[in-house]
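Notes for the one structure printed next.
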Amino acid sequence: MDVIRIRGGKQLQGKIRVSGAKNAALPILCATLLSDGESILRNVPALKDIETTGELLRVLGRNVMVDPPLVRVAGGPEANPEAPYELVKQMRASVLVLGPLVARYGRAKVSLPGGCQIGSRPVDQHLKGLEALGATIRLSNGYIHAECKRLKGAEVVFDMPTVTGTENIMMAAALAKGRTTLVNCAREPEVEELGRVLNKMGARVDGAGTDVIHIEGRDELDPFDHAIISDRIETGTYMVAAAAAGGDVLLENAPLEDLEAVVSKLRATGVEVGREGDCVRIRRDPDRPLRPVDVMTAPHPGFPTDMQAQFMVLMCLARGTSRIVETIFENRFMHVPELRRMGAEIDTDGHTAHVHGGRPLSGAKVMATDLRASASLVIAGLLATEGETEVLRVYHLDRGYEYMERKLAQLGADTVRMKGQPG
């Protein structure tokens, strides 16, 4: 397995461009199942999850060309509405094919995605929504079986906001007969982006990005040509990296409006964050101490759980104690033992972590456990005042960050990917 080696202590200077949003691209790739024509996606990041989704679409009978930043998807000679475990287990977002398949072909067989390193993420809200639209659901031998000759519009009230659940039912409703109303929806920008694409396809979607969404279904939908929005979590990650290492960094194509909670917390620590056209500038004098800030994760527009690990590393620099509360996932502090190996002083109690900052970090060999944890360990390596940091199992990183070590090196960091290392 590959390893990323970091020699810390270098300020970051310069400009990099934010990639397209993985969490927007994945559901939009699945939405191509709703039409047989050729759809074109632009600004798609070169990530492992994009490759996996392309492979899944091929198994489902699509003709797929993945050549980031361009992806083309068209109908193949024969549809196969069955998503096997071998692919779904690689990526939980694969369950997003469930709604489009049953809506387009009247049936679907999709493997249950199972557990996850950062906690269980059940699909009960997906199934509840499809049943409300008229689908018959049964679970057998680890697979979801869904059938309905034609879905019909209905009201679906989610028990809690769910991003993929909202997206799955939006796609299903786009081919349902009549009007569907979704209540207590996830409000993430990626949900809003999917609504834009469904509108391009001919459905009428109102309210995407709010907690109530209305969808007028159509008998058939058209292919589309669409450029994916920029990745807000990648933006936030590089903002934190720049703040942690110190210096002056400009992020091109950065969706600052989708990161208000993160920007507010960064400014509270003493970091300068400013808009310059479609760019964001982050400045921090490394000789100026950071202030400790408390954070509680929440659904959008709150502080994103996908930024919790990265911000925790920044708080290792702050002089004082900060409190970080994780409310979304029950097992998302797995990066803490690895940070302790580097000298961080962090206490955890259930869903709460207390970070006692102001202590120097030193390089160490650390193990990535999930996507955002791996990013946090790379940032920690940038801070290490002595020794080298080696981040193992960076295949997690490659699921969500396009060439992270290259982008950081472009800003002056000493980050190198070493091939074929044991992990």
Side-chain angles (χ1 to χ4, degrees), residues 15-28 31 41-45 47 49-50 69 93 161-167 170 185-199 205-213 226-243 249-269 271-282 293 295-311 314 327-329 371-372 375-376 379 400-402 404 407:
K15 180 169 64 175
I16 56 174
R17 184 174 181 83
V18 177
S19 302
K22 179 197 82 161
N23 287 341
L26 296 182
I28 291 171
L41 286 74
R42 305 178 191 275
N43 197 36
V44 179
L47 300 172
D49 277 8
I50 299 296
T162 160
V163 175
T164 54
T166 300
E167 292 167 341
M170 284 173 67
C185 300
R187 299 165 59 188
E188 273 71 3
E190 296 80 14
V191 174
E192 187 175 2
E193 179 79 337
L194 176 61
R196 294 188 193 102
V197 169
L198 293 175
N199 281 331
V205 180
D206 296 313
T210 74
D211 58 356
V212 178
I213 302 174
H226 187 78
I228 304 297
I229 57 173
S230 299
D231 196 312
R232 63 191 172 98
I233 302 301
E234 184 189 39
T235 301
T237 299
Y238 287 120
M239 290 169 68
V240 169
V249 169
L250 197 66
L251 300 177
E252 290 186 298
N253 209 33
L256 195 62
E257 64 280 359
D258 296 331
L259 286 165
E260 291 181 0
V262 175
V263 170
S264 174
K265 293 298 182 180
L266 282 173
R267 286 175 174 158
T269 70
V271 174
E272 294 180 43
V273 182
R275 165 70 76 185
E276 297 186 10
D278 70 341
C279 300
V280 174
R281 186 177 294 277
I282 304 96
V293 172
V295 163
M296 178 180 292
T297 63
H300 190 77
F303 193 95
T305 181
D306 281 351
M307 284 300 304
Q308 175 257 107
Q310 301 92 306
F311 200 84
L314 184 65
T327 69
I328 308 298
F329 295 118
L371 170 55
R372 306 307 171 184
S376 76
I379 295 172
Y401 292 94
E402 187 176 42
M404 187 179 200
K407 289 189 175 182

Beyond-backbone contact of [X] with [Y], side-chain heavy atoms, under 4.5 angstrom:
X	Y	answer
V263	M239	yes
M170	V191	yes
T235	P255	yes
P299	R187	no

**Prompt:** Any Lys/Arg nitrogen of E257 or R275 sitting under 4.0 Å from an Asp/Glu carboxylate oxygen of the other?
**Reply:**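 A salt bridge is present here (some side-chain N lies under 4.0 Å from a carboxylate O).
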
Taking all heavy atoms of [X] and all of [Y], pick out the closest pair and write down the distance.
X	Y	result
I282	A243	CG2-N, 4.2 Å
L47	G400	CD2-C, 3.7 Å
A241	I379	CB-CG1, 4.0 Å
V240	M307	CG2-CE, 3.6 Å
N23	E167	O-OE2, 4.2 Å
P45	G20	CG-O, 3.4 Å

Whether [X] side chain and [Y] backbone form a donor-acceptor pair below 3.5 Å:
X	Y	value
T305	T297	no
D231	S19	no
S230	V18	no
T269	L266	yes

Would you compute the distance between atom [atom1] of [X] and atom [atom2] of [Y] and round it to the nearest 0.5 angstrom?
X	Y	atom1	atom2	value
L259	S264	CG	OG	12.0 Å
T164	L26	OG1	CG	11.0 Å
L41	I50	CG	CD1	8.5 Å
D258	E192	CG	CD	7.5 Å

**Item:** side-chain contact (heavy atoms from CB on, under 4.5 Å) evaluation trace for T237 with M404
**Value:** CA-CA 10 Å; T237 299; M404 187 179 200; 3.7 Å; yes

**Request:** Report the C-alpha separation of V273 and L256 in whole Å, then their side-chain angles, then the decisive distance to 0.1 Å, and conclude whether the side-chain contact (heavy atoms from CB on, under 4.5 Å) test is met.
**Result:** CA-CA 10 Å; V273 182; L256 195 62; 4.2 Å; yes

**Message:** Please determine whether side-chain contact (heavy atoms from CB on, under 4.5 Å) holds for the pair I229 and R196, giving the CA-CA distance in whole Å, both sets of side-chain angles, and the decisive distance to 0.1 Å.
**Reply:** CA-CA 11 Å; I229 57 173; R196 294 188 193 102; 4.1 Å; yes

**Request:** For E190 and H300, test the side chains for any donor-to-acceptor distance below 3.5 angstrom and give the result as yes or no.
**Result:**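 No, no side-chain donor-acceptor contact under 3.5 Å.
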
**Message:** Going by the rule side chain to side chain contact (heavy atoms under 4.5 Å, CB included), which residues pair with E272 if we only count those two or more places apart in sequence or in a different chain?
**Reply:**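 Result, side chain to side chain contact (heavy atoms under 4.5 Å, CB included) vs E272: R283.
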
**Message:** Using the rule side chain to side chain donor-acceptor pair (under 3.5 Å), only one of E234, R372, K22 pairs with Y401; which is it?
**Reply:** R372

**Request:** Let me see the working for V280 and L250 under side-chain contact (heavy atoms from CB on, under 4.5 Å), right down to the final yes or no.
**Result:** CA-CA 6 Å; V280 174; L250 197 66; over 6 Å; no

**Complete:** Which of I213, V197, L194 passes side-chain contact (heavy atoms from CB on, under 4.5 Å) with V205? It is I213

**Fill in**
Which of T327, I328, V295 passes side-chain contact (heavy atoms from CB on, under 4.5 Å) with F303? It is V295

**Asked** Within a reach of under 6.0 Å around CD of E276, are more than 12 heavy atoms found that belong to other residues, nucleotides or ligands?
**Response** yes

